[in-house]
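Worksheet for the structure shown next.
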There are 2 protein chains.
Amino acid sequence: MERDQAEELRALQDTLYFIGGKWRVPVINSLCNGNRRFREIERSIPGITTRMLSKELKDMEMNKLVTRMVYNDTPVLVEYEPTPYCRTFGKIIQEMINWGRDHRKKVIQKK
Amino acid sequence: MERDQAEELRALQDTLYFIGGKWRVPVINSLCNGNRRFREIERSIPGITTRMLSKELKDMEMNKLVTRMVYNDTPVLVEYEPTPYCRTFGKIIQEMINWGRDHRKKVIQKK
DNA sequence: GTTACCAGTATACTGGAGTATACCAGTTAA
DNA sequence: TTAACTGGTATACTCCAGTATACTGGTAAC
């Protein structure tokens, strides 16, 4: 029981570390929604800057969450594809969306 | 579909905003695990400082996530009780624990 | 009488996440 | 030919989340 709690906390903190900053989860979500091109992803997340998206995608590529594919059509075409592993995070995202929706309802009620 | 995606993103970002920093989720988790006293919660989350826990609990009290109860026994006894609303976050936490566990397995395999 | 618990507060500091803005080289459409 | 798209990079700045450390006033055990 002591043991369990410590192990659960570690797992929890690993996930939180993975989530990291402000943009990782929205980016994963955008990819899972089928957005593939850089500007397309950028547009799907109002507020994100080019710089942050670029950083995020690079980092995710390094961590095998996304595959960057370059097609040498002219003009150059770049596509980002979420890996199957990336998609395993989808369940948590769905829970987050649901909770956020209920939360908003609750906050609006209060007013 | 456009519409949906924007609404989902908002809900998602609300949840992420709620999660906020490094310690909110571990604190909720600790409370949901039955920890009630200040030092008890503190001990259950290695690495957290008194200051951060204090801030977190104050903030959570303001947002009705926790009830601070003072018993005027001598010495003064203080207990923090998670509200039912706080507990609704438990499902996400459980998903996070599960995902973190699998993630760790995967990372260890790689080495 | 000193050590250790409780429930915190006070002060000072810093790294880096996130922002803002401008820019590049190439392509297409009006 | 000028504007607007693509997929980004470069530079500079700011702010605050989180850290570190010390302290308080009361109780209790040794």
Side-chain angles (χ1 to χ4, degrees), chain A residues 9-10 12-31 34-63 65-82, chain B residues 9-10 12-31 34-63 65-82:
Chain A
L9 178 58
R10 246 191 11 226
L12 185 55
Q13 285 180 318
D14 284 352
T15 302
L16 289 166
Y17 180 78
F18 172 84
I19 289 174
K22 194 175 176 181
W23 302 112
R24 170 67 50 96
V25 176
V27 169
I28 296 179
N29 183 242
S30 177
L31 288 165
N35 298 303
R36 292 287 175 273
R37 315 270 306 260
F38 190 90
R39 297 294 181 198
E40 190 184 8
I41 299 164
E42 192 177 22
R43 265 180 260 116
S44 77
I45 309 172
I48 199 171
T49 56
T50 311
R51 183 174 186 267
M52 289 312 286
L53 179 56
S54 172
K55 272 184 129 186
E56 210 59 60
L57 287 172
K58 247 179 215 164
D59 201 69
M60 290 175 67
E61 202 195 344
M62 272 182 24
N63 289 287
L65 293 170
V66 105
T67 317
R68 184 172 183 273
M69 296 159 87
V70 183
Y71 301 96
N72 270 328
D73 298 349
T74 167
V76 147
L77 176 68
V78 179
E79 278 191 359
Y80 293 92
E81 175 92 21
Chain B
L9 179 58
R10 246 192 11 227
L12 185 54
Q13 285 181 318
D14 284 352
T15 302
L16 288 167
Y17 180 78
F18 173 83
I19 289 175
K22 195 176 176 181
W23 301 113
R24 169 67 50 97
V25 175
V27 169
I28 295 179
N29 184 241
S30 177
L31 288 164
N35 298 303
R36 293 287 173 273
R37 314 271 306 262
F38 190 90
R39 297 295 178 196
E40 189 184 8
I41 299 164
E42 193 177 23
R43 264 181 263 117
S44 77
I45 309 173
I48 198 171
T49 56
T50 310
R51 182 173 186 268
M52 290 312 287
L53 179 56
S54 172
K55 273 185 129 184
E56 210 58 61
L57 287 171
K58 248 179 212 162
D59 201 70
M60 290 175 67
E61 202 195 345
M62 272 182 24
N63 290 288
L65 293 169
V66 105
T67 318
R68 184 173 182 273
M69 297 160 85
V70 184
Y71 302 95
N72 270 327
D73 297 349
T74 166
V76 146
L77 177 67
V78 180
E79 278 190 359
Y80 293 92
E81 177 92 23

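Throughout, protein chains are lettered first and strands after them, A, B, ... in sequence-line order, and every chain is numbered starting at 1. Because only heavy atoms are used, hydrogens play no part in the values below, and waters and symmetry mates are left out as well, while side chains stay in.
The nearest whole Å value for the distance from the CG atom in A:Leu77 to the P atom in D:dG8 is 10 Å. Nucleotide D:dT14 holds its P atom 18 Å from the NZ atom of A:Lys22, rounded to whole Å. Counting to the nearest Å, the C1' atom of D:dG8 and the CZ atom of A:Arg36 are 19 Å from each other. A:Ile45 has its CD1 atom 13 Å from the P atom of C:dG18, to the nearest Å. A straight line from CD of B:Glu40 to C1' of C:dC5 spans 14 Å, rounded to a whole angstrom. Straight-line distance from the CD atom of A:Glu42 to the C1' atom of C:dA20: 14 Å, rounded to whole Å. Rounded to whole angstrom, the span from the CZ atom of B:Phe38 across to the P atom of C:dC6 amounts to 11 Å. Between the CD atom of B:Glu79 and the P atom of C:dG8 there is a distance of 12 Å, given to the nearest Å.
Checking each of B:Glu42, B:Glu56, B:Lys22 against B:Ile48 for a side chain to side chain contact (heavy atoms under 4.5 Å, CB included) leaves exactly one that passes, namely B:Glu42. Each of B:Ile45, B:Leu53, B:Val25 was checked for a side chain to side chain contact (heavy atoms under 4.5 Å, CB included) with B:Ser30, and the lone residue meeting it is B:Ile45. For the side chain to side chain contact (heavy atoms under 4.5 Å, CB included) with B:Arg68, the qualifying choice from B:Glu79, B:Glu61, B:Met60 is B:Glu61, the only one to do so.
Nucleotides of DNA chain C nearest to A:Met52 and A:Pro75 differ in position, and the one nearer the 5' end is that of A:Met52. Comparing A:Arg51 and A:Val76, the nucleotide of DNA chain D nearest to each residue sits closer to the 5' end for A:Val76. Along DNA chain C, the nucleotide closest to B:Val78 and the one closest to A:Trp23 are compared, and the more 5′ of them pairs with B:Val78.
Between B:Tyr80 and B:Leu31 the shortest heavy-atom distance is O-CD2, 3.7 Å.
Within the structure, a side-chain polar atom (N or O) of B:Arg43 is placed less than 4.0 Å from OP1 or OP2 of C:dC6. Within the 4.0 Å cut-off from OP1 or OP2 of D:dT6, not a single side-chain nitrogen or oxygen of A:Tyr71 is found. Checking the phosphate oxygens (OP1, OP2) of D:dG8, no side-chain nitrogen or oxygen of A:Ser54 falls inside 4.0 Å. OP1 or OP2 of D:dT9 has at least one side-chain nitrogen or oxygen of A:Lys58 nearer than 4.0 Å.
Among C:dT19, D:dG8, D:dT19, the nucleotide with an atom closest to any side-chain atom of A:Arg68 is D:dG8.
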